[in-house]
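Notes follow the structure.
The sequence lines fix the lettering, A, B, ..., with proteins before strands; numbering per chain opens at 1. Note that the coordinates shown come from a computational prediction; the quantities given were computed from them, not determined experimentally.
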Amino acid sequence: MTNPNNSLTSEAVAVPLLDWYDRHARRLPWRAPPGASRMDPYHVWLSEIMLQQTTVATVKDYFERFLTLWPTVEGLASADLDRVLTEWAGLGYYARARNLHKCAQRVVEDHGGAFPDTEEALLNLPGIGRYTAAAIAAIAFGQRAVVMDGNIERVIARLNTVETPLPAAKPALYALTDAVTPDARAGDFAQAMMDLGATICTPRKPRCMLCPITAVCAGKDMAETLPRRAPKKVKPTRTGMAVWIENTNGAVLLRRRPESGLLGGMMEVPSSPWTEGVEPPETEEGAYGMPVSLAPGSFRMMGEIKHTFTHFHLRLTVARAQVVDADLPKDCIWCPLDNLGDVALPTVMRKVAKAALL
DNA sequence: AAACCGGGGGC
DNA sequence: GCCCCAGGTTT
């Protein structure tokens with residue numbers, strides 16, 4: 001691939017970068033120690049799915065926990081989806097967990113339990129897009145693949161002073177990444193670029209003085225301003241009221257959300273609809289009409305929690321009440337307070353629980 | 001193009 | 001503490 005600005009070669013970038021990587025590579029649970037045998041594709045895949053939209057520090061414990069529970073892809077494939085969602089709780093983007101489970105089953109059923117070793121075949125698996133297919137091909141199978149994620153986009157935009165805003169700049173950034181990707185050690189190169197982006201070539205306050213490739217970086221004097229981005233949209237605020245309903249056995253009423261959409265398949269504290277542009281409800285009238293009768297006088301306001309999703313802010317008032325009688329639909333359970341840690345509760349609902357129990 | 005979450009950094 | 005932000009896949 002020709003180099004569009006005709007200045008940066010793979011050698012000028014990859015040699016000092018890989019040298020830095022060999023000396024400073026972070027020891028991570030999913031990374032082979034230097035000189036060790038190749039990583040298990042199952043481990044590479046699991047870590048890459050978790051690392052989508054999620055930081056290394058957050059992923060570490062989840063990764064080790066998943067491998068303890070399911071040491072092989074066959075084990076994960078035969079696990080209950082609800083168990084996988086429970087273990088995934090807190091990582092966010094729960095469609096990833098559903099696709100993870102589906103992908104494990106496809107690997108077992110269609111590929112005899114072995115991950116395919118081409119980008120094209122990997123791309124056909126659920127939850128594996130362009131980035132993850134390239135990363136697995138390079139890291140697990142030693143192939144030359146062009147790996148592009150947000151960190152690498154940033155490093156490349158700065159190296160070449162690309163001033164076109166994202167996402168329009170993506171094709172140019174891909175070509176520039178292709179131009180500096182070496183034939184050998186493409187997997188280590190990709191990991192080195194991502195490490196560099198995470199620790200040195202950071203979005204704000206980049207540490208150019210510590211950068212192993214600062215000598216060949218065209219953008220080092222304007223690094224913090226790159227890459228440029230199209231202006232972001234403002235998020236609206238939605239409000240509602242969540243009602244923490246307890247029975248006399250010390251259990252709380254939880255409901256499973258629909259399989260798809262926001263927090264798909266996760267458990268929730270029942271709440272009123274989340275509506276935009278109104279003040280959060282503070283009376284019983286705002287409560288969701290669950291098929292329960294509440295003990296007279298047991299309804300109390302417990303405070304308010306805030307949470308932000310991809311496309312809106314949420315303010316939920318939290319109320320607490322005692323139940324007298326209930327005829328629960330199938331998607332509802334009574335969860336003993338001691339078992340709250342063992343259900344698929346997303347972070348926003350853990351905030352609700354905390355407010356209700358204070 | 002829009003939907004999809006949570007944690008961490010900067011102030 | 002409170003913003004503000006970055007970040008792949010699917011539809």
Pairing donors with acceptors under 3.5 angstrom, does anything connect the side chains of A:Y131 and A:Q52?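 No, because no side-chain N or O of A:Y131 sits under 3.5 Å from a partner of the opposite role on A:Q52.
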
With distance as the sole criterion, is a donor-acceptor pair present between the side chains of A:R96 and A:N99 under 3.5 Å?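 A:N99 and A:R96 do not have a side-chain donor-acceptor pair below 3.5 Å.
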
Nearest-nucleotide pick for [X], side chain only, options being [options]:
{"X": "A:Y93", "options": "B:dA2, C:dG8, C:dT9", "value": "C:dG8"}
{"X": "A:D149", "options": "C:dG8, B:dC5, B:dA3", "value": "C:dG8"}
{"X": "A:K235", "options": "B:dC5, C:dT9, B:dG7", "value": "B:dC5"}
{"X": "A:T55", "options": "B:dG8, B:dA3, C:dG8", "value": "B:dG8"}
{"X": "A:A57", "options": "B:dG8, B:dC4, B:dG6", "value": "B:dG8"}
{"X": "A:P203", "options": "C:dT9, C:dA6, B:dC5", "value": "C:dA6"}
{"X": "A:H311", "options": "B:dC4, B:dG6, B:dA2", "value": "B:dC4"}
{"X": "A:T58", "options": "B:dG8, B:dG10, C:dC5", "value": "B:dG8"}

What do the steps show when you test A:R154 against A:D149 for salt bridge (Lys or Arg N to Asp or Glu O under 4.0 Å), and what is the final call? CA-CA 9 Å; A:R154 183 172 61 255; A:D149 78 338; over 6 Å; no

d([atom1], [X]; [atom2], [N]) in whole Å:
{"X": "A:M194", "N": "C:dG7", "atom1": "CE", "atom2": "P", "answer": "12 Å"}
{"X": "A:L263", "N": "B:dC4", "atom1": "CG", "atom2": "P", "answer": "9 Å"}
{"X": "A:I136", "N": "C:dG8", "atom1": "CD1", "atom2": "P", "answer": "14 Å"}
{"X": "A:H307", "N": "B:dC4", "atom1": "NE2", "atom2": "C1'", "answer": "11 Å"}
{"X": "A:L100", "N": "C:dT9", "atom1": "CG", "atom2": "P", "answer": "13 Å"}
{"X": "A:K351", "N": "C:dG1", "atom1": "NZ", "atom2": "P", "answer": "14 Å"}
{"X": "A:L314", "N": "B:dG6", "atom1": "CG", "atom2": "P", "answer": "11 Å"}
{"X": "A:R204", "N": "C:dC3", "atom1": "CZ", "atom2": "C1'", "answer": "11 Å"}

Taking only the [atom1] atom of each, what is the distance from [N] to [M] in whole angstrom?
{"N": "B:dC5", "M": "C:dC3", "atom1": "P", "answer": "23 Å"}
{"N": "C:dT9", "M": "B:dG8", "atom1": "C1'", "answer": "23 Å"}
{"N": "B:dG7", "M": "C:dT10", "atom1": "P", "answer": "23 Å"}

Closest-nucleotide 5' rank along DNA chain C - winner of A:L51 and A:K306: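 It is A:K306 whose nearest nucleotide is closer to the 5' end.
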
What nucleic acid atoms does A:I49 come within less than 4.0 Å of, heavy atoms only: base, sugar-phosphate, or nothing?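 Nothing, no nucleic acid heavy atom in range.
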
With heavy atoms under 4.0 Å as the rule, sort A:R98 into base, sugar-phosphate or nothing.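 It contacts nothing in the nucleic acid.
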
Distance check: side-chain N/O of [X] vs OP1/OP2 of [N], anything under 4.0 Å?
{"X": "A:R154", "N": "C:dG7", "answer": "yes"}
{"X": "A:N151", "N": "C:dG7", "answer": "yes"}
{"X": "A:K205", "N": "B:dG10", "answer": "no"}

More than 12 heavy atoms from other groups under 6.0 Å of CZ on A:R130: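 Atom CZ in A:R130 is not packed in, count stays at 12 or less.
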
Ignoring hydrogens and angles, answer whether the base of C:dG8 and the side-chain atoms of A:Q53 contain a donor-acceptor pair closer than 3.5 Å.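 Such a pair exists between side chain and base.
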
Do the rings of A:W30 and A:F63 sit parallel, tilted or perpendicular, given the 30° and 60° boundaries?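 Perpendicular: the ring planes of A:W30 and A:F63 meet at over 60°.
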
For the pair A:R315 (side chain) and A:T237 (backbone), establish whether a donor and an acceptor sit closer than 3.5 Å, ignoring hydrogens and angles.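 Pair absent, no side-chain N/O of A:R315 close to backbone of A:T237.
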
